[in-house]
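To find a chain, count down the sequence lines: A is the first, B the second, and so on, and within it residues start at 1.
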Number of protein chains: 2
Amino acid sequence: MEEHNGPQSASSTRELRLLAHGAPPPERADAARNRRRILDAAARLFAEHGVDEVSMDAVARAAEVGKGTLFRRFGDRAGLAAALLDERERELQAAILSGPPPLGPGAPADARLRAFVSAYLRYLLGHLDLVHTSETASPGARYRIGAYRFWHRHVQLLLAEARSAGAPGASRTEGDASRAEGEGDGARGAGFDAHALLASLGAEHVRAMLAETTPERLESDLLSLVERMI
Amino acid sequence: MEEHNGPQSASSTRELRLLAHGAPPPERADAARNRRRILDAAARLFAEHGVDEVSMDAVARAAEVGKGTLFRRFGDRAGLAAALLDERERELQAAILSGPPPLGPGAPADARLRAFVSAYLRYLLGHLDLVHTSETASPGARYRIGAYRFWHRHVQLLLAEARSAGAPGASRTEGDASRAEGEGDGARGAGFDAHALLASLGAEHVRAMLAETTPERLESDLLSLVERMI
DNA sequence: GGAGTAACCGGACTATAGTCCGTATCGCTA
DNA sequence: TAGCGATACGGACTATAGTCCGGTTACTCC
């Protein structure tokens, strides 16, 4: 019931930390320890029995942690999968942001786009079940994940750039079915197309495709689609 | 324990029925009655409270039917949704198979394709939640449903036809990124593209698109994509 | 170094999808 | 219309995702 000056000092400290560090590490030691435990246990169990065969209870038990802790930390099954993918994801993202061409900066946009599709497909095929879980275990999860926004933005920018580079002085080729609009249009069209391309790279979709074709064939078909989008 | 000649007469009767009728109606009277009850109850509840707010238990209770009956009849939640969509779906399918152009036969393939995309989008927007449930309530459900196969085949055929019509004598325009293969290739490429187009027409994807654009804009973007696929 | 507080912990609890199986019903045949 | 096998019924049962909250613990500030 007493009201000292406690509360404020605590919150201002938090803010300073946020300003000091780039990332927000307001996580207590035990919390961090348990996060590690959970991720390790989940990775092990998933690898051992397959993602779909492992219940959240089993993860909690293996991590020697309560269910509440598991869910508070990761929200839901999709969140746990996303967290596990995080590392590998960052790898790919780093290669895109600052790695060598053609995936990284330096190459023409169309080449970078092709490189991205190939690289992302490889990443996807390497973790298909996990990505599938992260995209579908919770309704709409896919489009909420930060990673999706990243991929989308990347594709959208490359698409827009590749297009403007493709037709340097020759203005807009023919009449096409294009609508007459402001010139800021390219971005929005590219935005939609980026979503469409990523839809073809969705785990569920790719899984279905693999049922009737080979990975090689799939890749070349995807690249062909990219070509027509440029 | 006695073995009369019973078993065989029963199964052969079944076979005759199958040959006689086009559809297999081996459904007992009480089963048919309960199917009706369930579909009616589900339609009412879904309309009243929203698809996602209604549990399977609630449906069974409202239909005055046991849970076992509900699940035996429709398999799972996705199956129930698919059954509810069946009627409206058939309507669209009928219009495609034997309705007036441009949706039905008689119009050029490219026009039919555009008409299909518009019509399907309208259908989808009219039942977004239900379609979403039918596509995602069970993993991989979307690609198993008979309806998906129908849409896919339709799009694939139109796509292939539109392409061959688009370049009558002018052979394959430029080198593109196309691979050198047998001439049966058009069909497989069209198969992939049909999947890709339908991926952009998936309920989850469309729902996400609607969060950042209007239905009109969405339609025109889809049609633009179709244009580039031809 | 001691007290206070926010953050965290764990597991019991709820809600819901889907399964199982003993019992009741249907529809055919004699 | 009585008998009988196939089919369907229904609700108890299991499994699992996700929530809640009383009790505990780690950090901060004096």
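Per the geometry, CZ belonging to B:Arg37 stands 16 Å off P belonging to D:dA8, to the nearest Å. To the nearest angstrom, P of D:dT7 lies 18 Å from CZ of B:Arg33. A:Arg77 has its CZ atom 18 Å from the C1' atom of D:dT19, to the nearest Å. One interatomic measurement links the two molecules: CD1 of A:Ile38 to P of C:dG10, which rounds to 8 Å at whole-angstrom precision. Separating the CZ atom of A:Arg73 from the P atom of D:dG18 is a distance of 17 Å, rounded to the nearest angstrom.
Ring-plane geometry between A:Tyr148 and A:His195 is classed as parallel, the angle between the planes falling under 30 degrees on a 0 to 90 degree scale with a further cut at 60. Aromatic ring pairs are classed by plane angle as parallel below 30°, tilted from 30° to 60° and perpendicular above 60°; the pair A:Tyr123 and A:Tyr120 is tilted.
With D:dA8, D:dA17, C:dT19 as the choices, the nucleotide that has an atom nearest any side-chain atom of B:Phe71 turns out to be C:dT19.
Distances shorter than 4.0 Å separate none of the side-chain N or O atoms of B:Thr69 from OP1 or OP2 on D:dA8. Between A:Asn34 and C:dC8 there is no side-chain N or O to OP1 or OP2 distance below 4.0 Å.
Looking only at atom types and distance, the side chain of B:Arg114 has no donor-acceptor partner in the side chain of B:Ser118 under 3.5 Å away.
Base engagement by A:Arg72 is indicated by at least one non-hydrogen atom pair under 4.0 Å involving a base atom. A:Arg35 comes within 4.0 angstrom of nothing in the nucleic acid, heavy atoms only.
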Requested in this report: Go through A:Arg44 and A:Asp40 one step at a time and tell me if the salt bridge (charged side-chain N to carboxylate O under 4.0 Å, His left out) criterion holds.
Outcome: CA-CA 6 Å; A:Arg44 190 169 55 76; A:Asp40 291 346; over 6 Å; no
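For a distance-only test at 3.5 Å, the side chain of A:Arg28 qualifies as a donor-acceptor partner of the base of C:dA7.
The stretch residues 44-67 of chain B comes close to DNA chain D through B:Val65, B:Gly66, B:Lys67, each having a heavy atom under 4.0 Å from the strand.
Closest-nucleotide positions on DNA chain D for A:Asp76 and A:Asp30 were compared, and the one nearer the 5' end corresponds to A:Asp76.
Using a cutoff of 4.0 Å between basic side-chain nitrogens and carboxylate oxygens, B:Arg61 and B:Asp57 are not scored as salt-bridged.
Here CZ of B:Arg77 is found 8.5 Å from CZ of B:Phe71. Values are rounded to the nearest 0.5 Å. From B:Arg90, atom CZ reaches atom CG of B:Asp86 across 4.0 Å, with rounding to the nearest 0.5 Å.
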